[in-house]
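To keep things clear, I will list the structure first and then write my remarks on it.
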Protein chains: 2
Amino acid sequence: MVLKQQMENHIPTNQEIAIKLSRYGLKITPQRVAVLGALIKLCHHPSAEDIFREVVQVIPGLSQATVYNTLDVLVQRGIASKIATSTGVMRYDLIEQPHHHLFDETNSRIEDYYDPELDQILKMYFSKKKIKGFVPLEIKLHVIGAFRDNVV
Amino acid sequence: MVLKQQMENHIPTNQEIAIKLSRYGLKITPQRVAVLGALIKLCHHPSAEDIFREVVQVIPGLSQATVYNTLDVLVQRGIASKIATSTGVMRYDLIEQPHHHLFDETNSRIEDYYDPELDQILKMYFSKKKIKGFVPLEIKLHVIGAFRDNVV
DNA sequence: TTTTAAATTAGATTTATTATTATTAAAAAA
DNA sequence: TTTTTTAATAATAATAAATCTAATTTAAAA
């Protein structure tokens with residue numbers, strides 16, 4: 001098991017981000033490159049507001065609506081996902097591979113959690129156990145707990 | 001496996017609801033009895049607005065703020081829980097026993113899902129697999145899919 | 001380069017929720 | 001039972017996230 005940010009060692013260039021946008025059939029604009037760049041950089045599941053604050057430093061005329069629009073577009077294309085939180089503020093998450101979420105509600109921290117073994121267990125469970133009248137498509141674990149830094 | 005509403009065959013009287021409120025150290029008011037009653041009755045995870053619409057028929061002078069206050073109180077006392085949804089609207093859920101959620105985002109439907117076997121699997125997994133720096137307290141499955149009525 | 005379809009901006013708007021404060025009511029005390 | 005006290009409710013204002021609108025600008029295709 002490994003937390004997300006430990007897996008991300010490469011900070012992509014604007015060019016690489018632009019290529020990613022066009023691979024998904026999106027027009028390349030400075031705003032989109034910067035928003036996606038911020039989403040990659042701010043790996044602790046930023047809110048739209050977090051991304052705005054980050055990007056407006058580079059693009060001073062940036063509109064909040066552009067951030068919301070761009071994030072929606074990224075979600076629609078499957079580049080990002082939207083996480084609903086208990087405070088009602090949406091948080092955004094870059095999609096790389098399927099993963100679960102660890103929530104610490106005392107400090108609003110969210111981390112991704114990967115474990116192929118866990119996914120295997122869940123896959124087996126749901127293939128064996130049919131739910132009457134419901135077709136499951138996506139299975140996500142929502143683990144609420146407490147981050148204890150410097151503790152194993 | 002059984003869906004929640006199939007397990008709930010007893011509709012509690014106002015008296016029983018009042019007893020429940022006082023067991024949790026809450027003052028009994030007509031508003032609280034009606035809100036908790038509506039939460040029990042509207043078993044598809046109502047929003048505050050859903051509950052207001054239901055209860056205002058019985059208590060015409062009811063304020064929306066009272067519904068929000070009462071729901072917050074119920075959540076604080078552990079009688080109910082609050083579910084954040086992808087639309088940003090909060091939904092409320094009576095807590096009876098720990099359970100997971102099935103989401104159908106095409107029609108905003110949410111159902112509870114119980115399975116002791118699943119809980120056992122998850123418990124075993126997390127007792128074996130330690131997450132560095134994180135203490136899990138509550139594990140909830142978030143299953144996104146599609147309800148198909150009249151289909152097994 | 002010109003064209004056009006799409007993206008961005010600014011600001012108004014919506015809507016769920018929270019905050020405020022006066023009033024009212026529930027339950028404890030006398 | 002009546003009084004007292006403490007808490008709950010109602011009405012309404014305030015907040016804040018997110019959406020909508022319409023005019024302007026821009027990316028990229030022709």
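In the text below, chain A, chain B and the rest are named by the order of the sequence lines, each starting its count at 1.
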Distance-only polar pair, side chains of A/His44 and A/Glu111, donor-acceptor under 3.5 Å: yes
Side-chain N or O of A/Gln31 closer than 4.0 Å to phosphate OP1/OP2 of C/dT9: yes
Heavy-atom pair of closest approach, residues B/Ile110 and B/His45: O-ND1, 3.0 Å
Spacing of B/Glu49 atom CD relative to C/dT14 atom P, expressed in whole Å: 16 Å
Anything under 3.5 Å between a donor and an acceptor, one on a side chain of residues 53-65 of chain B, the other on a protein residue two or more places apart or in another chain? List them.
{"residue": "B/Arg53", "atom": "NH1", "partner": "B/Glu49", "partner atom": "OE2", "Å": "3.3"}
{"residue": "B/Arg53", "atom": "NH2", "partner": "B/Asp50", "partner atom": "OD1", "Å": "2.9"}
{"residue": "B/Glu54", "atom": "OE2", "partner": "B/Lys41", "partner atom": "NZ", "Å": "2.5"}
{"residue": "B/Ser63", "atom": "OG", "partner": "B/Ala65", "partner atom": "N", "Å": "3.1"}

Any N/O pairs under 3.5 Å between the protein and nucleotides 18-26 of chain C? List them or say none.
{"residue": "C/dA26", "atom": "O3'", "partner": "B/Ile28", "partner atom": "O", "Å": "3.2"}

Where B/Ala48 and B/Val67 come nearest, the two heavy atoms and their spacing: O-CG1, 3.6 Å
B/His101 NE2 to B/Ile144 CD1 distance, which is reported to the nearest 0.5 Å: 13.0 Å
Contact residues, residues 15-26 of chain A to DNA chain D [heavy atom, < 4.0 Å]: none
Let me check something: any side-chain donor-acceptor pairs from residues 75-88 of chain B under 3.5 Å, sequence neighbours excluded? List them with distances.
{"residue": "B/Arg77", "atom": "NH1", "partner": "B/Tyr24", "partner atom": "O", "Å": "2.9"}
{"residue": "B/Thr85", "atom": "OG1", "partner": "B/Thr87", "partner atom": "OG1", "Å": "3.0"}
{"residue": "B/Thr85", "atom": "OG1", "partner": "B/Val89", "partner atom": "O", "Å": "2.7"}
{"residue": "B/Thr87", "atom": "OG1", "partner": "B/Val89", "partner atom": "N", "Å": "3.4"}

Proximal nucleotide (of D/dA18, C/dT9, D/dT9) relative to the B/Arg32 side chain: D/dT9
Separation of atom CD1 in B/Ile59 from atom P in D/dA11, rounded to whole Å: 13 Å
A/Gln76 CD - D/dT19 P separation (whole Å): 11 Å
Set of residues satisfying side-chain hydrogen bond (donor to acceptor under 3.5 Å, both in side chains) with respect to B/Asp119, sequence neighbours excluded: B/His100
What donor-acceptor contacts under 3.5 angstrom involve side-chain atoms of residues 135-143 of chain B, with partners at least two apart or in another chain?
{"residue": "B/Lys140", "atom": "NZ", "partner": "B/His99", "partner atom": "O", "Å": "3.0"}
{"residue": "B/His142", "atom": "ND1", "partner": "A/His142", "partner atom": "ND1", "Å": "2.2"}

With A/Asp115, the salt bridge (Lys or Arg N to Asp or Glu O under 4.0 Å) member among B/Lys128, B/Lys130, B/Lys129: B/Lys129
Integer-rounded Å distance: D/dT9 P and B/Leu71 CG: 11 Å
Distance test, side-chain N/O of A/Ser63 to OP1/OP2 of C/dA10, below 4.0 Å: no
Between C1' of D/dA18 and CG of A/Asp50, the distance in whole Å: 15 Å
